[in-house]
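Read the numbers this way: they start at 1 and go in the same order the structure lists the ligands and their atoms. Sequence positions, counted from 1, serve as the residue numbers for this chain.
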Amino acid sequence: MFPVSYALIAASLLVLFLYRRSNPLYRIPAVGYSAPLLSYIGAIQFMRHGREILQEGYAKHKGSAFRITMLDTWVVILCGAKLNEELRKLPDDQMSFIHAIEELVQTKYTIAPNVIDMPIHIAVIKGPLTRNIASLLPDVVDEIRVATEDSIPIHGDEWTSVPALDTMMQIVCRASNRAFVGLPMCRNSEFLKTVLEFPRNVGLARFTLGLVPSIFKPLVGPWLPWPRRSLRKFSALMEPVVEERLRLLRDHGNDWSEKPNDYLTWLIEESRSIGQPLDLIVNAMLTSNFVAVHTSSTSITHALYHLAANPGYIHPLREEVESIVRTDGWTKPAVSRMMKLDSFLRESQRMNGISGVGVIRKAMKDVILSDGTVIPAGTLCGVAAECTHLDEDSYDDAAVFKPFRFADMREDESERIKYQYVNTSPEYVAFGHGKHACPGRFFAAYELKVVLAILLIKYDVKLEGDSGRPSNQWRGASILPNQSANVMFRRRQGLQSAL
Ligand code: HEM
Ligand SMILES: *[C@@H]1O[C@H](CO)[C@@H](O)[C@H](O)[C@H]1NC(C)=O
């Protein structure tokens, strides 16, 4: 009996060995655990020490690539601006963004299959949302003002302490949904709660699926309860709103002169070609929130921590905002001219992205990079985003937060566009880079600039305690601002602003 099983084990090890020899993936150096069959350990190790593993790989392999095990899959990490540019230029039939997200987030199971196959929200974000920022802005500004007052209770001239991330989530969620679904839903507490807890439910489902071998994922996937629960709650709130709008559009016909020019109309129009299924419109609305709200609120929280830890930055920013708003009001061109504010957000996002890995793609066929690395079909890859941002080859004093770094670079007229918040480059991949770079970044930039501007002109800000800027928390490659730290606000002392 024994010799047979030994022979079996030896044979399977031989097969594994030959397989690994013939698969070019295994010629790419691994960082972190890489022994066969130990990839679960590697994944756990990456969950805990993602940042260190990425930094170690980057230091050893800059100009080339290394691989890590992340969740239930290998990911090849390209290192340095030159390869960042190379990756983003590869066409979709070689390096696919959609397939990468599908695999990494298992979106068909964790979000909803129809909106992944028919991403009408992406067309709306890229097209009408971005084109209509100027006309949406007054409502968004109004919502930010009211949400700020609701979320930051001020008594006289006393300092008030609020949890930074939760407060920013509330303000950003309301502001974004003022644009997405409008009043009164954007203030409905059940709606806000459902939207804000959705990403956590997606995360739970994704984590659970990560423990399931690939061949069983299609069996388990459709039964994961958490995202389904969110979708059910969200549908109960949204369906009547969508139904009512569909009815009005039907009753008034095509040349309705007062047809609302808003996000819901755009989603409906985008879904027309495919027959206006109600649940697609509802799912697209939830997915819009999924991509917009947590990304924007963590980004503004990072910036707020920088501001609160260094109140010396307040004065120059305030001066810029007030001088512009006093003459031009809160218009789109006015907000565009707030270059110090723009620089502050860009610099904050350079040092505190949403992920240490960006420009995620999946190889659809074998791809050979200029350094000779062969990425076999089916492999996920991405770029070392934070490492690129903290590389001295990309930025002078790369490890130092310089709030007006980009404003100074923009003094030169010819560099004006290159260094604005929304611009991506091989050295700046916080919004991704290339064809699939975040399409919501134009909206996000205006929204977040107004949030910060309103906080600046209405309040004094400081940290609670004096232990410096609360440090970031990493989970695998994801970067979060400290989730429990408080920031203190009080009514602005001295000159009050009437703006
Ligand atoms: C500061 C806030 C935000 C950050 C940091 C951010 C970041 C990103 C990143 C890194 C990507 C992937 C790009 C790539 O891999 O090349 C992405 C994709 C995307 N973002 Fe954003 N985002 C933000 C806000 C928003 C907002 C407000 C919206 C919607 C209004 C949005 C909608 C999307 C969509 C739909 C995609 C997928 C694009 C596609 O499938 O082609 N994002 N975002
Ligand atoms: C977050 O900040 C709070 C307050 O500054 C601190 O007590 C806590 O330890 C921090 N959490 C992490 C994980 O750094």
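Heavy-atom neighbours of Arg48 CZ from other residues, nucleotides or ligands within 6.0 Å: at or below the threshold of 12. Around atom NZ of Lys193, no more than 12 heavy atoms belonging to other residues, nucleotides or ligands sit under 6.0 Å away.
Distance alone, capped at 3.5 Å, is enough to place a donor-acceptor pair between the Asn84 side chain and the Pro426 backbone. Between the side chain of Ser296 and the backbone N or O of Ala444, no donor-acceptor pair lies under 3.5 Å.
Contact annotation for Gln473 and ligand 2: only side-chain heavy atoms (C-beta onward) come within less than 4.0 Å of the ligand.
A salt bridge does not link Lys402 with Asp408: every distance from a Lys NZ or Arg NE/NH1/NH2 to an Asp or Glu carboxylate oxygen is 4.0 Å or more.
Atom 9 (O) of ligand 2 is not flagged as protein-proximal [any protein heavy atom, distance under 4.0 Å].
Between Phe401 and Phe344, the ring center distance clears the sub-6.0 Å criterion.
Taking all heavy atoms of Asn482, Asn486, Val487 into account, the minimum distance to atom 2 (O) of ligand 2 is reached by Asn482.
Ranking protein heavy atoms by distance to atom 5 (O) of ligand 2, first place goes to Ala485 CB, 4.1 Å.
Scanning both residues, Ile375 and Cys381, for their nearest heavy atoms gives CD1-SG, 4.2 Å. When every heavy atom of Ala284 is checked against every heavy atom of Val115, the shortest pair comes out as CA-CG2, 3.7 Å.
Using a 4.0 Å cutoff on heavy atoms, Ser484 counts as a contact of ligand 2.
Near ligand 1, residues Phe97, Ile122, Ile125, Leu129, Phe180, Val291, Ala292, Thr295, Ser296, Ser299, Gln349, Ile354, Val359, Ile360, Arg361, Tyr421, Ala430, Phe431, Gly432, His433, His436, Ala437, Cys438, Pro439, Gly440, Ala444, Leu448 each place a heavy atom inside the 4.0 Å sphere around the ligand atoms.
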